[in-house]
Enquirer: 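Below is a structure I'd like to ask you about.
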Amino acid sequence: MTLLNAILRRTGLGVVTLFVVSVLIFIGTSILPGDVANIILGQMATPESLAALRAKLGLDEPAHVRYFIWLSDLLTGDLGFSKAGAGAGTIGTPISEMLMPRLVNTLRLATAVAVVAVPFAVTVGLLAAMYPGTKLDRAVTFTTLGLISVPEFLVATLLVLVVAVQLGWLPATAYISGQETGMKLVRALAMPALTLIIVASSQIMRMTRATVLNVMSSPYIEMAILKGVPRKRIILRHALFNAIGPIANVIALNLAYLVSGVVIVETVFAYPGLAKLMIDAVQTRDLPLVQACAMIFCATYIVLIFIADMVSILSNPRLRHPR
């Protein structure tokens, strides 16, 4: 019952958070200067034509009416229509049709990065914790601190300069049409994936090392050390299970970042992902598309953090059976 209560409590909190976020998203998009009617008709549009198009697109309704209409459609799975390509007599392109190929591209890139970055970073972080103060530990600490301090656009630019321009090993852009398979797909994903692996791995490594070393100072760990239990066994059999919670949280945050926070990487490599679609929608004031992308990003964060919380509860008996 304790586990069930925790699941229900965190599910309710996630739903409330998503509702609050939806309000903030709608308010944020509503206060953007200009609207899609200005983008469609251009600078030479007359006030009468602008008013007629706004009425056709439903932009003249009060803000609260537009919000509840949008929310009710969202709850039924109707994401609406993109307004940027809509004329005065058309309703636009269904947003679901625009999102699906971009979402597939983003998930493909995120999966490739996660498969490499997560096991690699956790393993290196554990090795650094096993041998604190050694050359390996100092090298990991120095490298991760340096990589965390470097923004991803600089990492991407350096990779393009060295790997693509100087060495010519990989293409400088990662544009894909959806028909690529095998090595063509690997080559297309290699540069953005490598950039994100470098950025994400450094944070997971640092958190893994710091969390395990923090657990190693616990009294039961000190007792195991005094009994002569090998350090490797202590870390893998005892310390790691109590460190899973924070590690799972930082992994969840980095996975969410791979879905929603890769705008710069997608822009640098011309990768047709979901984040770049949202930026294009902001430029054209396509508010329904912006709102749909933003809700997907926020829902991704909430779901991943929920999974991380469940992993923490299942791995820690004190959370499953609180006094």
Side-chain angles (χ1 to χ4, degrees), residues 17-18 21-22 24-26 28-29 32 36 39 74 79-80 82-85 93-118 148 150-160 171-178 180 185 188-204 250-305:
T17 303
L18 197 58
V21 166
S22 70
L24 296 178
I25 289 173
F26 189 85
T29 53
L32 287 174
V36 70
I39 301 297
L74 189 65
L79 299 178
S82 171
K83 303 300 184 183
T93 306
I95 291 178
S96 58
E97 294 182 5
M98 302 177 65
L99 287 179
M100 190 53 61
R102 297 299 189 100
L103 182 59
V104 170
N105 290 341
T106 296
L107 292 178
R108 180 184 291 151
L109 178 60
T111 302
V113 174
V115 167
V116 176
V118 173
I148 290 174
V150 177
E152 58 266 28
F153 76 85
L154 181 57
V155 175
T157 303
L158 292 176
L159 286 178
V160 170
T173 60
Y175 180 79
I176 59 177
S177 62
E180 293 82 1
L185 181 60
L189 294 177
M191 291 289 280
L194 183 58
T195 302
L196 294 173
I197 287 171
I198 292 173
V199 174
S201 296
S202 58
Q203 300 180 14
I204 300 175
V250 74
I251 290 175
L253 289 174
N254 278 275
L255 292 180
Y257 164 77
L258 294 179
V259 176
S260 61
V262 295
V263 176
I264 295 176
V265 174
E266 290 184 0
T267 302
V268 170
F269 295 107
Y271 186 76
L274 195 60
K276 192 172 186 302
L277 178 65
M278 182 176 177
I279 296 301
D280 296 338
V282 171
Q283 294 175 346
T284 58
R285 299 299 185 270
D286 194 352
L287 300 188
L289 183 55
V290 174
Q291 292 163 352
C293 292
M295 289 299 295
I296 291 176
F297 295 152
C298 295
T300 301
Y301 268 97
I302 291 173
V303 170
L304 289 175
I305 294 301

Enquirer: Between CG of Leu194 and CG of Leu159, what distance do you get to the nearest 0.5 Å?
Expert: 5.0 Å
Enquirer: Sequence neighbours excluded, which residues qualify as side chain to side chain contact (heavy atoms under 4.5 Å, CB included) partners of Ser201?
Expert: Ala117, Phe120, Ala121, Ile197, Met205
Enquirer: Rounded at 0.5 Å granularity, tell me how far CG in Leu277 sits from CG in Leu289.
Expert: 4.5 Å
Enquirer: Is it true that the side chains of Tyr257 and Gln203 contain a donor and an acceptor less than 3.5 Å apart?
Expert: no
Enquirer: So how far is it from Glu266 CD to Leu274 CG, rounded to the nearest 0.5 Å?
Expert: 7.5 Å
Enquirer: Compare every heavy atom of Asn105 with every heavy atom of Gly273, then report the nearest pair and how far apart it is.
Expert: CA-CB, 4.5 Å
Enquirer: Side chains of Tyr301 and Val21, heavy atoms from C-beta outward: is any pair under 4.5 Å?
Expert: no
Enquirer: Starting at OG of Ser202, measure out to CG of Asn254 and round the result to the nearest 0.5 Å.
Expert: 8.0 Å
Enquirer: On a heavy-atom basis, which atom in Val265 and which in Pro192 lie closest, and how many Å separate them?
Expert: CG1-CB, 3.8 Å
Enquirer: When you look at Ile25 and Cys298, which way does the side chain to side chain contact (heavy atoms under 4.5 Å, CB included) test go after all the steps?
Expert: CA-CA 10 Å; Ile25 289 173; Cys298 295; 3.9 Å; yes
Enquirer: Going by side chain to side chain contact (heavy atoms under 4.5 Å, CB included), name the residues that satisfy it together with Leu189, two or more places apart in sequence or in a different chain.
Expert: Arg108, Leu109, Leu185, Tyr271
Enquirer: Closest heavy-atom contact between Val250 and Ile204?
Expert: CG1-CA, 4.5 Å
Enquirer: Which heavy atom of Thr106 sits nearest a heavy atom of Ala275, and at what distance?
Expert: OG1-N, 4.5 Å
Enquirer: Enter the distance from Ile305:CD1 to Leu253:CG here, rounded to the nearest 0.5 Å.
Expert: 4.0 Å
Enquirer: Between Thr300, Leu18, Val290, which is the residue that forms a side-chain contact (heavy atoms from CB on, under 4.5 Å) with Met295?
Expert: Leu18
Enquirer: Please report the C-alpha distance between Met191 and Val268 in whole Å, then the side-chain angles of each, then the deciding distance to 0.1 Å, and finally whether the side chain to side chain contact (heavy atoms under 4.5 Å, CB included) criterion is met.
Expert: CA-CA 10 Å; Met191 291 289 280; Val268 170; over 6 Å; no
Enquirer: Tell me, with the steps shown, if Ile279 and Thr267 meet side chain to side chain contact (heavy atoms under 4.5 Å, CB included).
Expert: CA-CA 9 Å; Ile279 296 301; Thr267 302; 5.6 Å; no
Enquirer: Please report the closest heavy-atom contact between Lys276 and Arg102, naming both atoms and the distance.
Expert: C-NH1, 4.2 Å
Enquirer: What is the distance from atom CZ of Phe297 to atom CD1 of Ile302, rounded to the nearest 0.5 Å?
Expert: 14.0 Å
